Amino acid sequence: MIMERNTRSPLCLMLEAVLFASGEPVPVSRLAQACEVSESAVQTALQQLAAWYEKQKSAICVQQLGDSWQMCTHPAYATVIQRAVETKKAAPLSAAAMEVLTIVAYNQPVSKSFVEHVRGVDSSSVVNTLVEKELLTEAGRLDVPGKPVAYATTPHFLRCFGLQSLDELPPLPVSAVPQEMVSESEESADLAE
């Protein structure tokens, strides 16, 4: 029996939610355990759910892959999906890029010269690459002599690293803070008092 739009069983709805959230094939045994029902009940409900999507002529479908099931897009939409999400292959970030991102994330907004001072090497090309990858952005100019461009992280940086905000960055170990930065921050604290 194919379910009508608003008459899907609670089990079908639970399975739909789990498959959607998982994004990968989920074994029937794990689905049964999560929903606290028998594997045969899960199998029956998944077949009903697959038939419901088919009847709706939905762009989403539920497919069986061996002893697992997965929610996915209908093969008819593969070309348009590929065009929509086609992006450059994301090459893993180099150690230098990770260093620069760390320096900027914890100290932003900062200039290239600040990054170079902390790293001890020319970092212009790394900063420029991170701007191209939209992980860093120009954030105005610093109010210091020469008015250098300031750099800060972007919302794309937060998404890539799974952060809601910069407040979620883990604390730096004390040994990772350069001694001159500790001295400068102590002097700033003394001046503030």
Side-chain angles (χ1 to χ4, degrees), residues 17-27 30 34 59-60 63 65 68 70-73 75 77-193:
V18 171
L19 293 177
F20 177 81
S22 135
E24 58 186 32
V26 182
R30 190 159 31 131
I60 305 297
Q63 290 188 326
L65 306 165
S68 298
Q70 180 174 15
M71 181 175 280
C72 52
T73 55
Y77 300 99
T79 304
V80 70
I81 293 167
Q82 184 177 11
R83 284 194 308 257
V85 298
E86 197 169 73
T87 57
K88 296 177 192 170
K89 283 284 186 192
L93 294 174
S94 66
M98 291 299 288
E99 286 175 8
V100 169
L101 279 175
T102 302
I103 292 165
V104 175
Y106 282 94
N107 300 286
Q108 63 189 305
V110 297
S111 64
K112 283 182 187 176
S113 63
F114 177 85
V115 172
E116 291 169 352
H117 175 73
V118 173
R119 290 189 67 226
V121 295
D122 177 38
S123 301
S124 294
S125 65
V126 178
V127 170
N128 293 339
T129 299
L130 292 170
V131 169
E132 286 174 19
K133 290 181 179 277
E134 299 179 352
L135 294 169
L136 295 182
T137 189
E138 292 184 9
R141 297 202 171 257
L142 294 176
D143 192 18
V144 296
K147 300 230 182 243
V149 173
Y151 293 90
T153 56
T154 64
H156 182 60
F157 164 84
L158 295 174
R159 282 191 302 276
C160 287
F161 288 89
L163 302 170
Q164 298 273 336
S165 73
L166 293 173
D167 295 334
E168 292 183 358
L169 286 170
L172 283 173
V174 177
S175 63
V177 179
Q179 192 56 43
E180 64 265 10
M181 289 179 72
V182 172
S183 300
E184 288 175 13
S185 59
E186 287 171 356
E187 288 173 14
S188 298
D190 292 342
L191 292 174
E193 294 172 359

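Model, not experiment: these values are computed from the prediction.
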[X] (side chain) donor-acceptor with [Y] (main chain) under 3.5 angstrom:
X    : Y    : answer
S123 : V121 : yes
Q70  : L65  : no
R141 : K147 : yes
T73  : I60  : no

Q: Walk me through it: do T154 and R159 pass the test side chain to side chain contact (heavy atoms under 4.5 Å, CB included)?
A: CA-CA 9 Å; T154 64; R159 282 191 302 276; over 6 Å; no
Distance-minimising heavy-atom pair for [X] and [Y]:
X    : Y    : value
M98  : T102 : O-OG1, 2.8 Å
V100 : L130 : CG1-CD1, 3.6 Å
P25  : S68  : CB-CB, 3.8 Å
H156 : K133 : CD2-O, 3.4 Å

Q) Should we say atom CD of Q164 is surrounded by more than 12 heavy atoms from elsewhere, each under 6.0 Å from it? A)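 Check fails, neighbour count at 12 or below.
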(Q) Side chains of S111 and E116, heavy atoms from C-beta outward: is any pair under 4.5 Å? (A) no
**Q.** Non-hydrogen side-chain atoms of L136 and F157 separated by less than 4.5 Å
**A.**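 A side-chain contact under 4.5 Å is absent here.
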Q: For the pair S22 and M71, evaluate side chain to side chain contact (heavy atoms under 4.5 Å, CB included) and give the outcome as yes or no after the intermediate values.
A: CA-CA 9 Å; S22 135; M71 181 175 280; over 6 Å; no
Any chance you could measure [X], atom [atom1], to [Y], atom [atom2], to the nearest 0.5 Å?
X    : Y    : atom1 : atom2 : result
H117 : I103 : NE2   : CD1   : 10.5 Å
C160 : E134 : SG    : CD    : 9.5 Å
L135 : T153 : CG    : OG1   : 9.0 Å

Q: Please name the residue in the list V104, L142, V118 that meets the side chain to side chain contact (heavy atoms under 4.5 Å, CB included) test with V110.
A: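 Going through V104, L142, V118 one by one, the side chain to side chain contact (heavy atoms under 4.5 Å, CB included) with V110 is satisfied by V104 alone.
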Q. Does the pair Y151 and T137 meet the rule for a side chain to side chain contact (heavy atoms under 4.5 Å, CB included), with working shown?
A. CA-CA 6 Å; Y151 293 90; T137 189; over 6 Å; no
Q. Are a donor atom and an acceptor atom from the side chains of K112 and N128 found within less than 3.5 Å of each other?
A. yes
